[in-house]
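Position 1 is the first residue of the sequence, and the numbers go up from there.
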Amino acid sequence: MDQQNYSVVSEFVLSGLSSSLQLQFFFFVFFSLIYIATVLGNLLIVITVISEPRLYSSPMYFLLGNLSFLDMWLASFATPKLIRDFLSEKKLISFEGCMAQIFFLHFIGGAEMVLLVSMAYDRYVAICKPLHYMTIMNWRTCIGLVTISWAIGFIHSISQVAFTVNLPYCGPNNVDSFFCDLPLVIKLACMDTYVLGILMIADSGLLSMSCFLLLMISYTVILVTVQQRSAESASKALSTCSAHIMVVMLFFGPCIFIYLWPFNRFSVDKILSVFYTIFTPLLNPIIYTLRNEDMKTAMKKLKTQHLSFKLSL
């Protein structure tokens, strides 16, 4: 094919989640409520951590606030368009918008994976080395961990988009998902992208798998350490870690499946994508916050201060 015929695709067509009008209306209401709850829940966590000096100075809550900030963006890179598309007959996205979705997905997703590892490391130090906790997890370390997570996410994302955006696209332009995902987009290029696809997708698969293994190792060490102490401490740690592991599985499971077996496409991939882009950002506030007494106390204090301020006006 001549070079002049390359890159003529100016927009992509998304298949969405369903072609049924009845289901689309139900999904519109359902995902609108999920998105609103996700943004408000994570925003509340960020505001609570920032407004309470005791929480903001704590490494665990500082990292939690950053996780909630990332979750707001993870839920926002594709969900608002998904909700709008439920009311549209034809679900179109511009070429630039498609590349932007790929960039933000891998940027935010990569940063969140590394941040979850940092949070597991924080819990490891707190439980296994309690006497040295504040020395190891000082302010410089916390800033460094957050900076590293953002840097790795950015480098990972740039490495994906830099190749994808320069591929020749001349049709077809149908993306079998509700957002532009790397494995689905690169196979639309008008050239043999098998080797390039393997390299790019291996990047995502390697990041997902390595972070997942580090998390599992951290939680295993924590549980083994606590089990050697008291039965009460072991039971409490098991309850906390099991909830964290559930979120990790829901986030990393779909990512590993999609990016380690990218060329065996199944319709179930759409459902898996919903879990790590929409449901996981909602579950994180529930798992990491509503089960935490310090956060609930700080939220009640924030609510009381807000009511007192309104009454004083």
Side-chain angles (χ1 to χ4, degrees), residues 1-16 70 73-82 84-85 88 90-114 147-211 252 254-266 269-270 272-273 276-277:
M1 187 173 294
D2 295 334
Q3 183 68 30
Q4 62 182 7
N5 293 327
Y6 282 1
S7 302
V8 295
V9 170
S10 60
E11 61 185 12
F12 293 94
V13 180
L14 303 173
S15 65
L70 285 173
W73 287 103
L74 182 62
S76 300
F77 88 95
T79 308
K81 175 162 177 53
L82 169 67
R84 188 184 67 183
D85 283 346
S88 305
K90 203 167 187 180
K91 302 165 179 56
L92 300 176
I93 184 171
S94 66
F95 180 85
E96 293 77 13
C98 185
M99 294 301 114
Q101 283 193 341
I102 294 175
F103 172 79
F104 284 112
L105 169 62
H106 289 272
F107 180 22
I108 301 166
E112 181 157 329
M113 287 179 184
V114 180
T147 303
I148 290 172
S149 67
W150 281 83
I152 291 178
F154 181 77
I155 294 171
H156 166 68
S157 183
I158 285 294
S159 68
Q160 304 288 338
V161 176
F163 290 103
T164 309
V165 72
N166 290 317
L167 292 175
Y169 299 96
C170 53
N173 63 340
N174 296 292
V175 179
D176 187 21
S177 185
F178 60 93
F179 67 94
C180 286
D181 201 3
L182 182 66
L184 298 175
V185 173
I186 61 175
K187 75 175 186 178
L188 299 178
C190 300
M191 61 176 290
D192 184 5
T193 59
Y194 184 82
V195 175
L196 181 60
I198 288 290
L199 292 175
M200 287 194 293
I201 295 167
D203 185 1
S204 297
L206 179 62
L207 179 63
S208 302
M209 183 59 77
S210 58
C211 289
F252 282 89
C255 294
I256 293 172
F257 181 86
I258 290 171
Y259 290 106
L260 288 186
W261 290 276
F263 299 105
N264 296 319
R265 308 305 302 178
F266 300 96
D269 284 9
K270 288 185 184 181
L272 294 176
S273 297
Y276 77 88
T277 60

Review point. Out of curiosity, Met113 CE to Ser149 OG, how far, rounded to the nearest 0.5 Å?
Key: 12.5 Å
Practice item. Keeping the roles fixed (side chain from Ser157, backbone from Phe103), state whether a donor-acceptor pair exists under 3.5 Å. Key: yes
**Study point:** From Thr277 atom OG1 to Leu105 atom CG, the distance as rounded to the nearest 0.5 Å
**Key:** 8.0 Å
Exercise for review: Take Ile102 and Asp181 through the side chain to side chain contact (heavy atoms under 4.5 Å, CB included) test and state the conclusion after the steps.
Suggested key: CA-CA 6 Å; Ile102 294 175; Asp181 201 3; over 6 Å; no
Practice item. Rounded to the nearest 0.5 Å, what's the gap from CZ on Phe104 to CE on Met99? Could you check? Key: 13.5 Å
Review point. Got a sec, which residues hit ring-ring contact (aromatic ring centres under 6.0 Å, His included) with Phe77, two or more places apart in sequence or on another chain?
Key: Phe179
Practice item. Could you pull out the closest heavy-atom pair between Asn173 and Glu11, with the gap in Å? Key: ND2-O, 2.9 Å
Practice item. Sequence neighbours left out, what passes side chain to side chain contact (heavy atoms under 4.5 Å, CB included) with Leu188? Give chain and number order. Key: Phe12, Tyr169, Pro172, Val175
Revision key, fill the gap. Applying salt bridge (charged side-chain N to carboxylate O under 4.0 Å, His left out) to Lys81 and not counting sequence neighbours gives Asp85
Exercise for review: Not counting sequence neighbours, which residues clear ring-ring contact (aromatic ring centres under 6.0 Å, His included) with Tyr276? List them please.
Suggested key: none
Check your understanding: How far apart are the closest heavy atoms of Ser88 and Arg84, and which atoms are they?
Key -> OG-O, 3.3 Å
Check your understanding: If you round to the nearest 0.5 Å, how far is CZ of Phe252 from CG of Leu207?
Key -> 7.5 Å
**Study point:** Minimum-distance pair of heavy atoms, taken over all atoms of Ser15 and Ser177
**Key:** OG-N, 3.0 Å
Exercise for review: Check side-chain hydrogen bond (donor to acceptor under 3.5 Å, both in side chains) between Ser210 and all other residues, then give those that pass, not counting sequence neighbours.
Suggested key: none
Exercise for review: Return the set of residues passing side-chain hydrogen bond (donor to acceptor under 3.5 Å, both in side chains) with Asp203 (not counting sequence neighbours), or none when no residue passes.
Suggested key: His156, Ser159, Gln160
**Study point:** Non-neighbouring partners of Cys180 that pass disulfide bond (SG atoms under 2.5 Å apart), sequence neighbours left out
**Key:** Cys98
Practice item. Mind checking the CD-CD1 spacing from Gln101 to Ile93? Nearest 0.5 Å is all I need. Key: 3.5 Å
Exercise for review: Identify, with sequence neighbours excluded, every residue that meets side chain to side chain contact (heavy atoms under 4.5 Å, CB included) alongside Ile155.
Suggested key: none
Study note, to complete from the structure: Tightest non-hydrogen contact, residues Asp176 and Leu184, listed as O-CD1, 3.6 Å
Exercise for review: Tell me, with the steps shown, if His106 and Val161 meet side chain to side chain contact (heavy atoms under 4.5 Å, CB included).
Suggested key: CA-CA 9 Å; His106 289 272; Val161 176; over 6 Å; no
Revision key, fill the gap. Residues passing the ring-ring contact (aromatic ring centres under 6.0 Å, His included) test with Phe163, sequence neighbours excluded, are none
**Study point:** Partner residues of Pro80 under the side chain to side chain contact (heavy atoms under 4.5 Å, CB included) criterion, sequence neighbours left out
**Key:** Tyr35
Exercise for review: Applying side chain to side chain contact (heavy atoms under 4.5 Å, CB included), name anything that partners Ser94, two or more places apart in sequence or on another chain.
Suggested key: Glu96
